[in-house]
Peer 1: 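For reference, the structure I am asking about is given below.
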4 protein chains.
Amino acid sequence: MKAVVYKEPFSVAVENVPDPKILHPNDTIVRITSSCICGSDLHMYEGRTAAEPGIVFGHENMGVIEEVGAAVKDRKVGDRVVMPFNVACGFCKNCLGGFTGFCTTVNPGFAGGAYGYVAMGPWVGGQAEYMQVPFADFNCLPLPEGTEHEADFALLADIFPTGYHGAELAGVRPGESVAVFGAGPVGLMAVYSSLIRGAAEVYSIDHVPERLAKAAEIGAIPINYDEGDPVKQIKDRRGTGVDKGIDAVGYQATKAGSSAVGGQQDEVPNIVLNQLIDVVNPTGALGIPGLYVPSDPGGVSESASRGALSLNFGRLFEKGLSLGTGQCNVKQYNAYLRDMIISGRAKPSFVVSHEVPLDEAPDAYTKFDRREDGYTKVILHP
Amino acid sequence: MKAVVYKEPFSVAVENVPDPKILHPNDTIVRITSSCICGSDLHMYEGRTAAEPGIVFGHENMGVIEEVGAAVKDRKVGDRVVMPFNVACGFCKNCLGGFTGFCTTVNPGFAGGAYGYVAMGPWVGGQAEYMQVPFADFNCLPLPEGTEHEADFALLADIFPTGYHGAELAGVRPGESVAVFGAGPVGLMAVYSSLIRGAAEVYSIDHVPERLAKAAEIGAIPINYDEGDPVKQIKDRRGTGVDKGIDAVGYQATKAGSSAVGGQQDEVPNIVLNQLIDVVNPTGALGIPGLYVPSDPGGVSESASRGALSLNFGRLFEKGLSLGTGQCNVKQYNAYLRDMIISGRAKPSFVVSHEVPLDEAPDAYTKFDRREDGYTKVILHP
Amino acid sequence: MKAVVYKEPFSVAVENVPDPKILHPNDTIVRITSSCICGSDLHMYEGRTAAEPGIVFGHENMGVIEEVGAAVKDRKVGDRVVMPFNVACGFCKNCLGGFTGFCTTVNPGFAGGAYGYVAMGPWVGGQAEYMQVPFADFNCLPLPEGTEHEADFALLADIFPTGYHGAELAGVRPGESVAVFGAGPVGLMAVYSSLIRGAAEVYSIDHVPERLAKAAEIGAIPINYDEGDPVKQIKDRRGTGVDKGIDAVGYQATKAGSSAVGGQQDEVPNIVLNQLIDVVNPTGALGIPGLYVPSDPGGVSESASRGALSLNFGRLFEKGLSLGTGQCNVKQYNAYLRDMIISGRAKPSFVVSHEVPLDEAPDAYTKFDRREDGYTKVILHP
Amino acid sequence: MKAVVYKEPFSVAVENVPDPKILHPNDTIVRITSSCICGSDLHMYEGRTAAEPGIVFGHENMGVIEEVGAAVKDRKVGDRVVMPFNVACGFCKNCLGGFTGFCTTVNPGFAGGAYGYVAMGPWVGGQAEYMQVPFADFNCLPLPEGTEHEADFALLADIFPTGYHGAELAGVRPGESVAVFGAGPVGLMAVYSSLIRGAAEVYSIDHVPERLAKAAEIGAIPINYDEGDPVKQIKDRRGTGVDKGIDAVGYQATKAGSSAVGGQQDEVPNIVLNQLIDVVNPTGALGIPGLYVPSDPGGVSESASRGALSLNFGRLFEKGLSLGTGQCNVKQYNAYLRDMIISGRAKPSFVVSHEVPLDEAPDAYTKFDRREDGYTKVILHP
């Protein structure tokens, strides 16, 4: 079958690879109909990880079940399904606690697995014609048959739940004010989710005008950090800080005035965290779905390379803040968010900028990495 | 009246000061029967804060109501009461949310007030014969009349709830494993509270043998960090880390091999935080009642002086940890912990090492600061 | 001053009564600008309670502070404020727990007080020119000065929070399906609040076409119980029941085919509760803000008269349902809902049908009681 | 193999039945080492259910894995395991929400399955030499190898978690007061669990002196309802009611003065529920693990036969009470309670009165049903 294969930094190719097989009685094989390119794919693409050439990318996958293993109970051939980017077993201690992003079964020696991602276990990615899905009863979320809402449902694999996770980690409740740093796809989903949860005021902080425009469109108040300290901008408007904050940026945060695409030289990995400590009011909470890593070959400093960041912890303590971090446990939210899509109460596909055939993946990667031609969120259709 | 007055670093005196007065109709005057010396009093005593000479110390206070203001409704002369160290109004946004440690009414321009503490508002301390208590209906917790459980009840002002707050911030639940760093009075109360909440295994990490012995007595597993990396010791015993962690040490954390009393040269302010990140299992939570400050004149480095600490944030994120910080909201817990004392289910006074007359405060401060003669927790009786 | 005084069943009059006075240093006097008539006022109006002639009605009150007592700290003359219908002290055990609808201070011997309501304490109602408000710092919620959003803010005294309370008691979360019984003002607010909280599908059950039309307008699916068993209608549509249910009807529930206004002979006091048990899926939850009383002089049977209802408890248990009941603790929500109104995210005044001068209260009561001329929610302006 | 087979009301026999087989790749076969007789087995034994002759009893099972299906991942031959009485899949909506007592996969058309129980699916009971366990990775909780704590671990199948569930449904927290109705095995476990969770005062209500003595031994205050209205007894002692209440009795509740064993003629199925409504303070919560059924062939009245009970709902509403019901979701708690047993913090086997060979099951059933010879909790060892 054809699949998107990583060749070397800044290069992927669509190549023939072996078809996936049922390896375990709880497996299914899914024929992929949509697989998104994620910002975190670019970490690998740019050589900012230990990913080796040959890896098949793709952790945001949906499709139709083509084949089921002998032990699969509730999923059957022909079911339209979307898979959480987290691979999970459903029965380890972490899965039982709802922390399916930290499954200890699927990636031995580590808590958490994913499709098509370096160090996240043996699971081949879904930017391909077919994909093996283990523990299929647990990992395949059923969808209404047909083709409706394809782009919306595809976002259930990762970014809609991940943005929602930010709001959940911050404990966003009706009537609260929220600052969301980053208006890329996850940031926009965090804004959107905060509004879904009833936030009274949501500030969206970024410096890319198109992103800020999108945030404003869905109801956020845009704050361009190239136009001045975003914390000051928010406090000036409100006369105080906000109740809750969400970091949808992560360790590649950049300072004001850096180019829209960013670049290593402009990175200030702790800037968003310290701005959050500053802008969130005492007793508030920070939700941090944005990625921080314990090992970054391209870190801007020795300490950044090992994920050690200088935080204004005295201030954080004085304000009595709490914070939550980590990969989204997609399984916690995906069925509920699906039902919002079905009933018409949510339509997250407004973030999708491009849908292209699988064959055009190399071009899409190039443009998305450079944020050329408005590439913000791409869905590949095999 | 007589009161303990701060003179200069390492010096307090018992002096005559003006009697407190009803200044507002919601005030009471309490005749103090017990007022404890707290480890955080030593921050001022040692000159590690901006405290000016003349301040009357004492934020852990109990006694009997001597006089009530015209607006006081439910408290009356003769009531035996204990006051949270936090002064709080009961009606600001933070108080309404239960965050009485972050009251915005009692210390204008800041979230949080306390008796007898630098920068915590105009409230005179209770290491004295009498004390003014504002918002008396809210701040005076009634106790059974008489003299029973005096030492236990006195600990309701601060350290019993503060230790409990650590367990609450970490979300300690029945059957969990917990690592509590620090076995001073607050650390022991965190151990005790974790056990009250049903923890299956509690590790108490310190390097003072007497403290560790006390922790073992109440059911903890003692870990002496002078005998090796405490994280490794715990992981070796368990084959894994723990579910939850509590930092009852704060910014004056010291490295292995430092003298029992500690000393500035031995301080490694981020050591406990990074050990917690290391020892707590993925998906776990950290409760941090131990004090961190945004400004420390005696910090071991420029960054430490402004409360900026290097945290292994990449690791924390990878593990999906959450953390909660800040002063205890005593009012959230004190009535419940009082009822446990009354029914005989809790007896926190096991941490009290000395009870002395108010006149002996200077000597008690000296010995407590040096941890001489087994001084670990002192109650002054005016 | 002028006030709405209860004369006898089905009769109120606007009469002169003594001006309220500051009786306690924590009191304020509020000049009323808006006071709503509530469905529960009709219980008294219809003689279905022990209310004696002479009582001044009005528990949904807002206005401007005219005078403050000596102990009031944060509220001042000229502040525009809205008061929860619950009178509460802010410092009793229940208030501290957030249960301000069950204050034990303001109505001795009972848990809960209210303005202008039989058996709810000595608090004179606000369908008048002025009103005394005790514990003013706690009970007066400040509003932006001016006259904007007057009708929206007036609903913060009771029905918007009460509807929201239904959603809170049922634990409505994003993506869930909810059945709300009753589309009167509280029911509509429960529908609206469920949607604010992110519900995917909300069913509104009533039999008054105008109410159902209003529910549909704000996004609910209307179910007319005169057209068939509402449980069956919902299950037929969904193929299953719903996640959560809300009872916004209470003990005067009527069976299908009763007249729009209802009437004692049509009452089946347990019908909604048993329908909820039937329509909510196993593991679900029921929020019950609709009023049930332990003593109803006009009950349809002896057992109904003492509030004893036959519930399908075996079924409820088999399904593992939970339920929450009771008066709304307005103070838990009102500041947050106010902020949603200010930011434009909520506009609850769509339920207001009429705004009339205080003098027209007798006519408004008559029409509202008969649901004539579209009277569904009336605001009186003194 | 040998198994306990139901013959007719008041009669079981140990007979040869076919050995269980691996029927699905996720199955295991467990060699049973301990299987308890549960009070709910007596419902079938006494003919109070629709159970047909031939059913093999036993839903409280532990043992050693003898054989594993091809898809089982983490469990292996030789593992010592205990199974929740609920059979659950781990991936249906209810299981994902933690409601494993309401699994919709294992008992088609119904929410919830169990071993050896009428109407709870095709799962053969474990009062036998071997038992088939489906979804073995999910349903088999691993235990330390060996034979230590056998009786304690056996109680993890049902009554320890079920008692704990009562405390969880009531939200019992440190420092609270709790009334537990019923001091049979589940009631004692509810008392024990409330204490584990830090309750300050626990009242145990029953009328069997031996049970009350046991409750007192573990720290409860015994209340004998044959000596007067238990609600009055508690209120007289406390001057008020309690914070929380637990019903560990269920629909076969009996009035004061009935014989120790009870009997149909003494049943008052709603008595405990209404006493709970009476004894729990306003704003409190009721946890109801005690069984109520929608269909009881032996009900004391027509309405009781269909599970319709008269509740003082007006009073419940006035007090703002909440309540939670239903079968325990054992999987939510069993690993944590296991860890408390392993660390020595819990030893629930104090409730076990007899351990006998499987062959003596008929005699044990007879005596347990009659509560002869101190039979309160029996473990069968095949």
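None of these values were measured; they are calculated from a predicted model. By convention in this document, chain letters (A, B, ...) are assigned in the order of the sequence lines, proteins followed by strands, and residues within each chain are numbered from 1.
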Peer 1: Among C/G320, C/P294, C/G307, which residue has the highest count of heavy-atom pairs closer than 4.5 Å to chain D?
Peer 2: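 That would be C/P294.
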Peer 1: Under 4.5 Å heavy-atom distance to chain D, tell me which part of C/S303 shows up: side chain, backbone, both or neither.
Peer 2: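 Neither part, no heavy atoms under 4.5 Å.
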Peer 1: Out of D/D296, D/N274, D/L273, D/T104, which one racks up the most heavy-atom pairs below 4.5 Å with chain C?
Peer 2: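 Most heavy-atom pairs within the cutoff with chain C belong to D/L273.
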Peer 1: Measuring heavy-atom distances to chain D, does C/P269 have an atom under 4.5 Å in its side chain, in its backbone, in both, or in neither?
Peer 2: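 Neither the backbone nor the side chain of C/P269 comes within 4.5 Å of chain D.
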Peer 1: Heavy-atom pairs under 4.5 Å with chain D: which of C/G250, C/G290, C/G97 has the most?
Peer 2: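 Counting heavy-atom pairs under 4.5 Å, the top option is C/G290.
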Peer 1: Quick check: closest heavy atoms across C/Y292 and D/F317, and the distance to 0.1 Å?
Peer 2: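 Looking at all heavy atoms of both residues, the closest pair is O-CD2, 3.2 Å.
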Peer 1: Where on C/K319 is there a heavy atom nearer than 4.5 Å to chain D: the side chain, the backbone, both, or neither?
Peer 2: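 Contact with chain D involves the backbone of C/K319 alone.
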Peer 1: Between atom CD of C/Q327 and atom CD of D/E318, what is the distance when rounded to the nearest 0.5 Å?
Peer 2: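 Output value for this atom pair is 9.0 Å.
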Peer 1: Please report the C-alpha distance between C/K93 and D/D243 in whole Å, then the side-chain angles of each, then the deciding distance to 0.1 Å, and finally whether the side-chain contact (heavy atoms from CB on, under 4.5 Å) criterion is met.
Peer 2: CA-CA 11 Å; C/K93 180 178 177 178; D/D243 295 313; 2.7 Å; yes
Peer 1: Sort out for me which residue in D/N270, D/L309, D/L311 forms a side-chain contact (heavy atoms from CB on, under 4.5 Å) with C/L311.
Peer 2: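 Exactly one pass, corresponding to D/L311.
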Peer 1: Check each atom of C/Y251 against the heavy atoms of chain D and say whether the ones under 4.5 Å are side chain, backbone, both or neither.
Peer 2: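 Neither part, no heavy atoms under 4.5 Å.
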Peer 1: Can you name the nearest heavy-atom pair linking D/P282 to C/F102, along with the distance?
Peer 2: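 For D/P282 and C/F102, the tightest heavy-atom pair comes out as CB-CD2, 4.3 Å.
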Peer 1: For chain C, find which of D/N312, D/N329, D/T283 contributes the most heavy-atom pairs closer than 4.5 angstrom.
Peer 2: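 Answer, by heavy-atom pair count under 4.5 Å with chain C: D/T283.
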Peer 1: Rounded at 0.5 Å granularity, tell me how far OG in C/S322 sits from CG in D/L286.
Peer 2: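 So the gap between those two atoms works out to 12.0 Å.
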Peer 1: Between D/N281, D/L316, D/L291, which has the largest tally of heavy atom pairs under 4.5 Å with chain C?
Peer 2: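 Maximum pair count with chain C is reached by D/L291.
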Peer 1: Taking all non-hydrogen atoms of both residues into account, name the closest pair between C/T325 and D/L321 and its distance.
Peer 2: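 Answer, listing the atom of C/T325 first, then D/L321: OG1-O, 2.7 Å.
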Peer 1: Please rank C/N94, C/V293, C/L323 by heavy-atom pairs under 4.5 Å with chain D and give me the top one.
Peer 2: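 So the answer, after comparing C/N94, C/V293, C/L323, is C/L323.
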Peer 1: Please classify the contact of D/D247 with chain C as side chain, backbone, both or neither, using a heavy-atom distance under 4.5 Å.
Peer 2: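 Neither part; nothing is under 4.5 Å.
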